[in-house]
Amino acid sequence: MVVGDVTTGTEVLVIGAGPGGYVAAIRAAQEGLDTTLVEKDAYGGACLNRGCIPSKALITGSGLAHEAGNAEFMGVHADPAVDMGKMIEWKDGVVDRLTGGVEKLCKANGVNLVEGVASFVGENTVRVAHGGDGQGSETLEFEHAVIATGSRPIQVPGFDFAEDHVWSSADALDADTVPDRLGVVGGGYIGMELATTYAKLGAEVTVVEMLDDILDPYEDDVKRVVRKRAEELGVEFNFGEGASEWTEAPDGGYLLRTETEDGEESTYGVDKILVAVGRQPVTDGLDLENAGIETDDRGFVETDDRTRTAVEHVHAVGDVAGDPMLAHAASNEGIVAAEVIAGEPAALDRQAVPAAVFTDPEIGTVGMTEAEAAEAGFEPAVGEMPFNASGRAMTTGHTEGFVRIVADEETGFVLGGQIVGPEASELIAEVALAVEMGATLEDVAATVHTHPTLAEAVMEAAENARGQAIHTLNR
Amino acid sequence: MVVGDVTTGTEVLVIGAGPGGYVAAIRAAQEGLDTTLVEKDAYGGACLNRGCIPSKALITGSGLAHEAGNAEFMGVHADPAVDMGKMIEWKDGVVDRLTGGVEKLCKANGVNLVEGVASFVGENTVRVAHGGDGQGSETLEFEHAVIATGSRPIQVPGFDFAEDHVWSSADALDADTVPDRLGVVGGGYIGMELATTYAKLGAEVTVVEMLDDILDPYEDDVKRVVRKRAEELGVEFNFGEGASEWTEAPDGGYLLRTETEDGEESTYGVDKILVAVGRQPVTDGLDLENAGIETDDRGFVETDDRTRTAVEHVHAVGDVAGDPMLAHAASNEGIVAAEVIAGEPAALDRQAVPAAVFTDPEIGTVGMTEAEAAEAGFEPAVGEMPFNASGRAMTTGHTEGFVRIVADEETGFVLGGQIVGPEASELIAEVALAVEMGATLEDVAATVHTHPTLAEAVMEAAENARGQAIHTLNR
Amino acid sequence: TSEPDTPSGRTFAPPSARRLARELGVDVAAVDGSGPGGRVTEADVRAHAEGGGSADPGGAD
Ligand SMILES: Cc1cc2nc3c(=O)[nH]c(=O)nc-3n(C[C@H](O)[C@H](O)[C@H](O)COP(=O)(O)OP(=O)(O)OC[C@H]3O[C@@H](n4cnc5c(N)ncnc54)[C@H](O)[C@@H]3O)c2cc1C
Ligand SMILES: Cc1cc2nc3c(=O)[nH]c(=O)nc-3n(C[C@H](O)[C@H](O)[C@H](O)COP(=O)(O)OP(=O)(O)OC[C@H]3O[C@@H](n4cnc5c(N)ncnc54)[C@H](O)[C@@H]3O)c2cc1C
């Protein structure tokens with residue numbers, strides 16, 4: 001129990017043990033650097049504790065129940081019942097195993113673990129305030145630091161997460177009963193993943209979105225597949241509406257009130273309201289100004305292609321450093337930060353960061369869309385393969401969606417890919433490797449793909465872009 | 001209705017409309033060649049009608065029922081019942097859609113379709129005998145031919161597929177009831193896929209295998225994962241035993257009698273006996289000698305790296321041309337045959353043909369194993385990532401198995417990969433691209449992989465081979 | 001003359017480079033690779049062909 005201040009030193013100080021921070025710390029230690037990782041809450045950060053991992057566990061559970069209950073067409077009759085408490089317990093077990101694993105991996109690699117809240121007191125010093133039993137604080141001198149403090153959900157005025165019926169994504173991942181009616185404010189990827197999950201669990205889901213479609217950054221034909229399926233699952237969409245307030249309803253539930261730009265109002269009867277309108281960087285309490293670091297107007301820490309902030313020996317990675325706010329981008333940046341600190345020739349020179357949305361069906365994208373390729377001055381060669389022409393897709397009962405490959409007409413270089421359909425999150429890996437390697441359409445098409453697999457659709461899309469597809473008509 | 005002989009001519013004649021033949025025909029037509037495809041039975045060949053596709057459909061159906069019935073641990077309670085007749089009907093529907101699609105694609109690409117049995121009458125001539133209504137025959141002159149007549153199951157003496165209780169793989173894919181007890185002769189990939197399927201459908205399955213393990217060509221630790229899981233599903237294995245005969249049992253079933261090399265006998269009570277001991281080429285009735293083509297001592301047509309037989313203008317592709325007897329190898333060879341005929345610089349220069357086994361869990365392999373790499377003179381650098389350390393695997397409830405990457409220590413070139421675990425058949429696609437491209441471990445490790453996905457395990461295995469894994473301890 | 005640059009005599013080159021080599025009648029094993037680990041690129045194959053590198057007797061026909 002440390003009361004009062006002790007000062008210790010470390011070569012590399014990492015603040016925050018999410019996928020950005022713990023990966024940076026492990027790689028720094030692997031590089032032989034004396035490394036200290038400070039975490040105030042739970043190892044694994046948002047991703048493992050209330051993001052990627054818990055959401056995917058509930059998506060699996062709800063997906064299996066829904067699929068089994070709707071498989072008469074293939075001769076499987078079941079009437080599954082979900083024990084939500086048990087599902088959450090299982091999810092918690094998965095989270096515990098993973099976060100415990102992170103802690104063990106840090107230790108096994110020789111990372112010093114410190115629990116507490118870090119704040120800068122100078123360019124080379126932080127104070128770590130311990131909570132709970134081990135109250136007090138300690139001062140840590142460092143040669144290099146990596147800020148990896150992540151992000152938290154944005155609150156909408158009038159919707160306080162402290163209220164029992166106003167859910168953040170974290171609350172939605174910890175509910176032990178399924179609300180009869182769920183209002184979802186925000187049709188981004190987090191809102192859509194959870195809307196789908198709860199619809200499959202039996203909730204009547206209403207999505208309210210300011211824009212005129214879901215999943216803003218994606219192409220129309222990609223969105224359409226996901227929206228159509230969500231509608232089939234009973235999800236109701238209300239576009240062009242912003243959530244303005246909630247009131248108690250006479251029947252015991254709540255009324256979610258929305259407003260269009262023109263001031264038109266609507267109300268929806270709900271039991272819980274999930275607010276998922278985006279995430280903001282966590283820098284409060286860090287006292288960045290003491291280290292001479294500024295944030296941009298949205299609060300993110302600005303970095304260069306070596307993940308360095310304006311103060312050269314202080315790096316920032318992950319959500320706190322801005323887009324793409326994704327776990328694997330955070331980890332990739334963490335590795336680059338550690339290697340740059342170790343003097344390796346590392347840089348954020350990745351060609352593309354893939355992204356996935358775990359809706360039904362999934363979306364996986366990497367690199368450029370056709371429009372982006374044209375914008376960048378390429379003459380895009382585009383090929384597609386719909387999953388309803390894929391033998392493997394038919395044998396799984398999931399034939400929605402397609403694979404699209406975008407390449408440069410002249411050289412054949414693969415510039416990007418958009419996949420919406422079964423296992424899109426996995427299939428995009430091959431396309432990502434192709435983009436990263438500078439592979440051509442011919443390289444992808446000439447690589448023998450196992451039959452029958454969904455991955456054949458990637459090959460087929462590449463062939464289609466060359467006017468040589470076998471299983472689909474060429475444009 | 002053609003009675004008697006008419007003679008027509010074609011630039012390219014393809015015999016057999018399986019994945020080797022129909023793909024060759026479509027590509028030849030795409031190359032602008034006048035192409036005729038002769039099929040005696042059903043478009044799509046063994047693969048679509050009684051192989052890859054129907055087996056995968058039943059694997060999906062039985063797998064879903066089994067999974068849903070064993071998901072209490074994640075809070076999903078179901079007691080699924082399988083209507084086998086309905087499952088077969090669904091499977092038939094999938095097959096019909098696909099085979100109908102093949103026919104349409106052939107026509108859309110301008111391939112002339114002829115139904116009948118082809119046999120050579122000379123180096124540039126076949127006779128096609130029509131069955132059924134359109135009896136009679138026609139003579140076809142060709143400039144180039146592609147033999148793609150495929151393979152059929154090998155029969156074991158004493159086990160006649162004509163018997164109702166002796167099943168070929170085709171019968172096992174068409175049964176409208178699940179036998180109480182199923183004997184499986186042969187623990188190769190077809191035997192194991194069907195043993196798993198029927199075990200999940202509730203049959204008591206006994207596998208009899210001459211060798212001392214299942215899945216002969218695979219490595220011990222790969223086999224072990226699949227065998228262990230099959231045992232958990234209740235499959236009983238009897239190694240070192242060959243099936244010698246069957247007799248009727250007093251109880252109404254049958255006794256399957258086996259013998260070891262030393263003459264030790266055993267008997268197993270069964271209701272059906274699936275014989276899956278391998279496949280042999282189909283060349284009977286083709287009158288190959290009339291074209292001057294010989295077969296090797298196992299009956300396969302020998303070909304060179306341009307798929308040409310000893311008679312230069314006659315090619316052979318797919319199962320009839322020998323190993324690897326896989327649908328995607330057949331298609332790849334079909335494309336090469338068509339392109340060589342069209343005068344393109346194509347050749348069978350693929351570095352590796354991936355292979356998958358759709359057991360529980362799946363196997364996906366490509367290129368060299370560690371032993372093969374050493375044998376070839378490389379110093380193998382090997383990396384692994386077990387799925388029980390993968391966050392995505394945990395969230396699906398399937399954590400058995402691992403990804404292994406084999407590379408050349410000196411240059412880092414990826415030489416091969418072995419995956420056993422969830423979605424192994426899909427995940428191997430990325431490794432296949434890496435092998436084909438001449439990618440290095442660093443290329444794979446530096447490619448950002450979406451979180452949370454199973455494909456991250458491929459990246460992690462590559463990092464492990466470089467001593468830099470984050471989520472597993474490095475050797 | 002093609003000196004194998006790997007123990008197995010295997011040349012590491014993407015399919016596009018291998019096909020180009022056949023098209024140009026170049027023995028891909030004889031090409032000096034400029035890529036990582038000595039990987040042969042399409043440009044390497046072209047340079048080899050233009051530099052009058054040994055034609056491959058078993059190349060494109
Ligand atoms: C519901 C949901 C689903 C998601 N699904 C996915 C997905 O499928 N795929 C994907 O790629 N991304 C997903 N994300 C996003 C992903 O969670 C983030 O991109 C990722 O967690 C960012 O990692 P990070 O290391 O930057 O920050 P975080 O994971 O947020 O970790 C930051 C850590 O820093 C600690 N910390 C903060 N301040 C201090 C301090 N002063 N002192 C000490 N410690 C501090 C925090 O306690 C936290 O543990 C999802 C997010 C949510 C909310
Ligand atoms: C149960 C089972 C599961 C399998 N699963 C897989 C798998 O998952 N993945 C995989 O890659 N492979 C799988 N295979 C193997 C795959 O089916 C074969 O490799 C593939 O079908 C070979 O294609 P082919 O074109 O060479 O021959 P085939 O598909 O056998 O087609 C040959 C065609 O030629 C026709 N024909 C024959 N003789 C004549 C003639 N004289 N005149 C006219 N027509 C003729 C036949 O009627 C047939 O339609 C499986 C096989 C079985 C039995």
Side-chain angles (χ1 to χ4, degrees), chain A residues 23 26 30 52-53 56-57 60-61 64-65 67-68 71 73-78 80-84 86-87 90 94 97-98 108 327-328 332 350 353-354 356 391 394-397 423 425-426 428-430 432-434 436-437 439 443 447-455 468 470-471 473, chain B residues 23 26 30 52-53 56-57 60-61 64-65 67-68 71 73-78 80-84 86-87 90 94 97-98 105 108 327-328 332 350 353-354 356 391 394-397 423 425-426 428-430 432-434 436-437 439 443 447-455 468 470 473:
Chain A
V23 169
I26 290 176
Q30 288 174 344
C52 329
I53 294 298
K56 268 80 255 184
T60 297
L64 175 57
E67 181 148 16
F73 74 94
M74 56 168 75
V76 176
H77 297 262
V82 170
D83 175 345
M84 196 62 191
K86 180 77 195 164
M87 192 177 284
W90 167 65
V94 168
R97 260 172 75 196
L98 275 169
H328 43 285
N332 182 248
R350 54 201 185 192
V353 175
M394 285 187 210
T395 64
T396 67
E423 303 297 341
S425 65
E426 303 292 349
I428 202 67
E430 182 191 356
L433 182 67
E436 206 60 61
M437 288 285 302
D443 292 331
T447 296
V448 182
H449 283 64
T450 317
H451 183 75
T453 58
L454 300 166
Q468 297 201 313
I470 298 290
H471 292 96
L473 290 183
Chain B
V23 169
I26 290 176
Q30 288 174 342
C52 330
I53 293 299
K56 268 80 257 181
T60 296
L64 175 57
E67 181 149 15
F73 73 95
M74 57 167 74
V76 177
H77 297 263
V82 170
D83 175 345
M84 196 63 193
K86 180 76 194 165
M87 192 177 286
W90 168 64
V94 168
R97 261 172 75 197
L98 275 168
L105 287 163
H328 43 285
N332 181 250
R350 55 199 185 193
V353 174
M394 286 187 210
T395 64
T396 66
E423 302 297 342
S425 66
E426 303 293 348
I428 202 67
E430 182 191 357
L433 182 68
E436 205 64 51
M437 288 290 299
D443 291 328
T447 296
V448 182
H449 283 64
T450 317
H451 182 75
T453 58
L454 300 166
Q468 297 201 314
I470 297 289
L473 292 183

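Just so it is clear, the values below take in all heavy atoms, side chains as well, and ignore hydrogens, waters and symmetry mates. Order of the sequence lines sets the chain letters (A, B, ...), proteins ahead of strands, with each chain counted from 1.
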Between [options], the one whose heavy-atom pairs under 4.5 Å with chain B are most numerous:
options: A:Met394, A:Lys86, A:Met437; value: A:Met394
options: A:Ala71, A:Ala327, A:Ala57; value: A:Ala57
options: A:Met84, A:Glu67, A:His471; value: A:His471
options: A:Ala432, A:Pro80, A:Ala356, A:Ala434; value: A:Pro80

Checklist entry - Should B:Val76 and A:Asp83 be marked as a side chain to side chain contact (heavy atoms under 4.5 Å, CB included) after you check the CA-CA gap, both sets of side-chain angles, and the distance that decides it? => result CA-CA 6 Å; B:Val76 177; A:Asp83 175 345; over 6 Å; no

Shortest non-hydrogen separation from [X] to [Y] and the atoms involved:
X: B:Gly391; Y: A:Leu98; value: CA-CD1, 3.7 Å
X: B:Met74; Y: A:Gly61; value: SD-CA, 3.8 Å
X: A:Phe73; Y: B:Trp90; value: O-CB, 3.3 Å

Next on the checklist: Suppose we screen for side-chain hydrogen bond (donor to acceptor under 3.5 Å, both in side chains). Which residues come up paired with A:Asn332, at least two apart in sequence or across chains?
Outcome noted: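 A:Asn332 satisfies side-chain hydrogen bond (donor to acceptor under 3.5 Å, both in side chains) with A:Arg350 once adjacent residues are dropped.
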
Ignoring hydrogens and geometry, is there a side-chain-to-backbone donor-acceptor pair from [X] to [Y] under 3.5 Å?
X: B:Glu426; Y: A:Leu454; value: yes
X: B:Thr395; Y: A:Ile53; value: no
X: A:His328; Y: B:His451; value: yes
X: A:Glu436; Y: B:Thr447; value: no

Checklist entry - Taking it one step at a time, do B:Leu64 and A:Leu64 satisfy side chain to side chain contact (heavy atoms under 4.5 Å, CB included)? => result CA-CA 8 Å; B:Leu64 175 57; A:Leu64 175 57; 4.0 Å; yes

Counting only heavy atoms closer than 4.5 Å, note whether [X] contacts chain B via side chain, backbone, both or neither.
X: A:Glu423; value: side chain
X: A:Gln468; value: both
X: A:Ile428; value: side chain

Item to check | Stepwise side chain to side chain contact (heavy atoms under 4.5 Å, CB included) check, B:His77 with A:Val82 | outcome: CA-CA 6 Å; B:His77 297 263; A:Val82 170; over 6 Å; no

Checklist entry - Which of the residues B:Val353, B:Asp443, B:Thr396, B:Leu105 is involved in the greatest number of heavy-atom pairs with chain A at under 4.5 angstrom? => result B:Leu105

Checklist entry - Which residue out of B:Pro354, B:Ala68, B:Ala78 racks up the most heavy-atom pairs below 4.5 Å with chain A? => result B:Pro354

